[in-house]
Amino acid sequence: MKRKNSAYTKNLIIPIVEASLSANWEEAVLEWDICDCQEDETAQTDCMCGHEGIRYLFYIRNRHNNRTFGPIGSECIKKFGRKDLSSEVDVQERMFRLYDAIRKREFIELNSDFFSRKLLLYLFEQNALDEGDYQFMLDMFNKRDKDSITYGQQRKINAVVGFTLKSYLQRKLAGKYR
């Protein structure tokens, strides 16, 4: 990958490649996984590339040598060009947004502001949702006409979010705020 001599190259690309077994960016990025994510609600933290004011702070670990780097912003993680990492970034950010809304007691709609199919699947795979709640939430999320959600269905959505997901997110995200 040829890039101009920039702070991005100097502060992110070169250190990642040097800490990898592979000697080029395209192969080196395959060695790294997200190992942690935190939220800086004040967005006063800087990405290791030099970008100022990031809110979601990702930390990555090389699976071959356990070297870690961070904080890295979501846009830099996406520049790794890996769909799995981009998907994980999306899930992590949505979990923080959802939990922030729960903590602020905002009304939470089952729409793409807070949810995605990937997030619902992740919550199911992490046993935060049982199979019945997962299928119900997925069915409700997939409804094109959200106005057709009945009062009873909305009550169940509220219960799943307000009890099941709130409890899981409290445990999962405890200590992840700066």
Side-chain angles (χ1 to χ4, degrees), residues 29-45 47 53-63 68-178:
V29 296
L30 301 175
E31 299 179 24
W32 297 85
D33 299 304
I34 295 171
C35 62
D36 194 18
C37 179
Q38 299 176 5
E39 181 179 10
D40 176 354
E41 294 177 288
T42 63
Q44 293 187 11
T45 304
C47 177
I54 59 174
R55 182 175 185 115
Y56 301 103
L57 319 174
F58 291 90
Y59 296 83
I60 58 173
R61 177 178 294 122
N62 185 294
R63 68 176 70 105
T68 59
F69 282 111
I72 301 174
S74 55
E75 291 307 310
C76 284
I77 295 287
K78 291 175 184 176
K79 289 178 183 176
F80 279 44
R82 289 179 41 198
K83 288 182 182 178
D84 62 324
L85 292 183
S86 293
S87 178
E88 190 170 347
V89 163
D90 179 64
V91 165
Q92 294 293 327
E93 288 180 353
R94 284 180 196 273
M95 280 197 308
F96 276 108
R97 284 197 306 269
L98 176 60
Y99 187 53
D100 288 343
I102 290 170
R103 289 187 313 155
K104 293 174 184 169
R105 297 183 176 183
E106 295 175 5
F107 178 72
I108 298 166
E109 292 187 59
L110 194 55
N111 61 32
S112 59
D113 291 343
F114 300 107
F115 292 94
S116 68
R117 288 174 192 85
K118 289 176 187 176
L119 174 60
L120 291 170
L121 179 59
Y122 174 85
L123 292 168
F124 172 66
E125 289 172 342
Q126 297 299 308
N127 296 314
L129 293 173
D130 65 28
E131 189 171 352
D133 284 345
Y134 166 68
Q135 193 58 57
F136 171 76
M137 295 291 279
L138 184 62
D139 290 346
M140 296 297 105
F141 180 77
N142 285 335
K143 279 188 176 240
R144 289 179 187 229
D145 180 13
K146 299 293 188 199
D147 291 334
S148 70
I149 294 175
T150 67
Y151 176 75
Q153 290 169 328
Q154 186 60 54
R155 284 189 55 168
K156 183 170 180 176
I157 292 167
N158 294 346
V160 170
V161 170
F163 296 105
T164 307
L165 295 182
K166 178 181 178 182
S167 175
Y168 171 78
L169 293 170
Q170 282 174 326
R171 287 188 314 274
K172 174 83 174 168
L173 302 178
K176 301 279 185 175
Y177 288 89
R178 286 188 175 191

How close do F58 and G73 get, heavy atom to heavy atom, and via which atoms?
-> CD1-C, 4.3 Å
Within 45 degrees of the axis of the six-membered ring of F96 and under 6.0 Å from its centre: does R55 put its NZ or CZ there?
-> no
Of all heavy-atom pairs between Y99 and L169, which one has the smallest distance, and what is that distance?
-> CD1-CB, 3.7 Å
Pairs where residues 156-170 contributes a residue and the test side-chain hydrogen bond (donor to acceptor under 3.5 Å, both in side chains) is met, not counting sequence neighbours = Q154-N158, S167-R171
Is any side-chain heavy atom of N62 closer than 4.5 Å to a side-chain heavy atom of F69?
-> no
Kindly say whether F141 contributes a backbone atom to a donor-acceptor pair with the side chain of K146 at under 3.5 angstrom?
-> yes
For residues 116-135, pull every pair meeting ring pair (Phe, Tyr, Trp, His ring centres under 6.0 Å), keeping only residues two or more places apart or in separate chains.
-> F124-Y134
Can you tell me if R63 uses its side chain to pair, donor with acceptor, with the backbone of L30 under 3.5 Å?
-> yes
Please report the C-alpha distance between R97 and D100 in whole Å, then the side-chain angles of each, then the deciding distance to 0.1 Å, and finally whether the salt bridge (Lys or Arg N to Asp or Glu O under 4.0 Å) criterion is met.
-> CA-CA 5 Å; R97 284 197 306 269; D100 288 343; over 6 Å; no
Does a side-chain heavy-atom distance below 4.5 Å link T68 with R61?
-> yes
Under 6.0 Å from the NZ atom of K118, do we count more than 12 heavy atoms belonging to anything else shown?
-> no
Answer yes or no: does atom CD of E131 have more than 12 heavy-atom neighbours from other residues, nucleotides or ligands under 6.0 Å?
-> no
Would you call R94 and D90 a salt bridge, using N to O less than 4.0 angstrom?
-> yes
